[in-house]
Amino acid sequence: MVGSYAKPGIGGAHTVHVDPVERYLEDTVIWGTPEEVVDRLKQLEVEIPLQYMLAAPLSHESFLLFTEKVLPKLA
Amino acid sequence: MKFGVLQFFSWTRRIPLEQVYARAFDRIAIMDEGGYDAVWLAEHHFNTYSVCPSVTQMGTYIAARTKNLRIGTAVTLAGFYHPLRLAEELALLDTLSGGRLNWGAGRGFDSKEFRAFNVPVEESSDRFRECVEIVRAAWANDRLSFHGQFWDFDDVEILPKPLQQPSPPVWLAATSPESVQRAAE
């Protein structure tokens with residue numbers, strides 16, 4: 001829903017066939033190496049501008065990676 | 001930029017539920033040590049994707065185990081509460097946590113929850129709006145009278161009041177242009 005709202009044309013009445021995994025990776029999650037995630041969040045901080053990030057880590061490992069390698073470069 | 005974590009209590013049934021909670025509390029302890037603004041607790045009922053039916057109870061427990069982290073609700077499901085009781089419980093959590101509550105409110109989306117609580121899903125938006133109005137009024141006024149679509153009462157004193165004055169931060173869940181507009185209003 002958030003992806004549909006942020007990117008009209010994907011989802012809802014405008015749906016064209018998009019691979020769900022591709023859509024998830026492109027429109028829903030921020031993923032990649034810690035360096036890539038830092039870069040993406042810095043980009044969003046400028047573009048939106050993003051002031052508050054409510055993260056939902058998919059695993060304990062990704063939580064620790066985020067805490068140790070991403071957060072110190074942004075908070 | 002501030003960071004919070006949306007904390008689910010997802011249970012696959014392959015491990016004891018107590019272990020799910022213990023792992024979450026370990027993670028929350030790490031958040032409390034620094035870097036994070038808040039843990040946000042997801043309320044759900046009758047399913048295993050987050051076994052946390054009471055975010056105020058869970059929040060109070062977490063508040064007692066932490067010192068710095070703010071406690072967010074993400075979200076309290078408006079249609080399933082008496083709003084006066086919700087106002088009381090949230091204010092109590094804010095008080096016991098030393099003013100660390102972020103109140104996140106939402107209307108809910110899971111039809112199973114609406115069926116089990118016997119709340120018509122088509123009323124969720126109106127119930128949500130009325131609930132938020134009552135909770136905020138209960139915190140802002142010494143005594144409250146209210147006559148609405150779903151709730152009706154006179155001259156009630158809600159205690160305690162939140163420690164954060166005039167109010168804890170209020171966050172509203174919004175996933176459509178209409179709900180974003182309503183939240184802004």
Side-chain angles (χ1 to χ4, degrees), chain A residues 1-15 18 20 23-75, chain B residues 1-10 12 15 19-42 44 49-50 52 68-75 102 104 106-110 169-183:
Chain A
M1 177 65 97
V2 174
S4 310
Y5 180 46
K7 272 196 170 181
I10 299 176
H14 305 286
T15 298
V18 176
R23 178 182 167 184
Y24 184 72
L25 292 175
E26 286 192 3
D27 297 324
T28 304
V29 293
I30 296 172
W31 60 279
T33 64
E35 293 75 21
E36 289 168 336
V37 171
V38 168
D39 288 346
R40 179 67 179 135
L41 289 174
K42 282 184 174 172
Q43 184 186 4
L44 290 171
E45 195 171 19
V46 173
E47 284 179 358
I48 295 180
L50 182 65
Q51 297 174 319
Y52 198 106
M53 168 84 177
L54 184 46
L58 295 177
S59 68
H60 188 67
E61 289 69 28
S62 62
F63 166 75
L64 291 177
L65 262 183
F66 189 86
T67 302
E68 292 165 5
K69 309 232 170 178
V70 176
L71 204 59
K73 296 186 176 167
L74 293 166
Chain B
M1 193 188 317
K2 289 184 177 179
F3 291 87
V5 171
L6 180 58
Q7 181 65 57
F8 283 86
F9 300 89
S10 301
T12 61
I15 59 174
Q19 201 170 326
V20 171
Y21 294 133
R23 286 179 179 175
F25 298 144
D26 288 345
R27 187 184 293 187
I28 288 165
I30 294 171
M31 292 179 219
D32 191 47
E33 288 170 5
Y36 287 97
D37 172 66
V39 59
W40 294 82
L41 305 170
H44 280 292
Y49 59 80
S50 188
C52 182
N68 307 302
L69 203 61
R70 295 187 64 80
I71 315 291
T73 62
V75 292
N102 290 345
R107 57 191 271 190
F109 64 86
D110 189 329
V170 178
W171 296 57
L172 302 179
T175 56
S176 69
E178 294 76 20
S179 53
V180 170
Q181 178 68 33
R182 280 197 299 270

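Values below: all heavy atoms of this structure, side chains included; hydrogens, waters and symmetry mates excluded. Throughout, a chain's letter reflects where its sequence line sits, starting with A, and its residues are numbered from 1.
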Contacting region of A:Leu41 [heavy-atom separation from chain B under 4.5 Å]: both
Contacting moiety of A:Leu74, where chain B heavy atoms sit under 4.5 Å: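 Answer is both: backbone and side chain atoms of A:Leu74 are under 4.5 Å from chain B.
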Mutual orientation of the aromatic rings belonging to B:Trp171 and A:Tyr52 [parallel < 30°, tilted 30-60°, perpendicular > 60°]: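 Correct class here is perpendicular.
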[atom1] of [X] to [atom2] of [Y]: how many Å apart, nearest 0.5 Å?
X	Y	atom1	atom2	result
A:Phe66	B:Tyr36	CZ	OH	5.5 Å
B:Ile30	A:Glu68	CD1	CD	7.5 Å
A:Gln51	B:Met1	CD	CE	9.5 Å

Non-hydrogen atoms of A:Leu71 and B:Gly34 that approach each other most closely: CD2-O, 4.5 Å
Engaged part of B:Ala42 at the chain A interface, taking heavy atoms whose separation is under 4.5 Å: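 No part of B:Ala42 comes within 4.5 Å of chain A.
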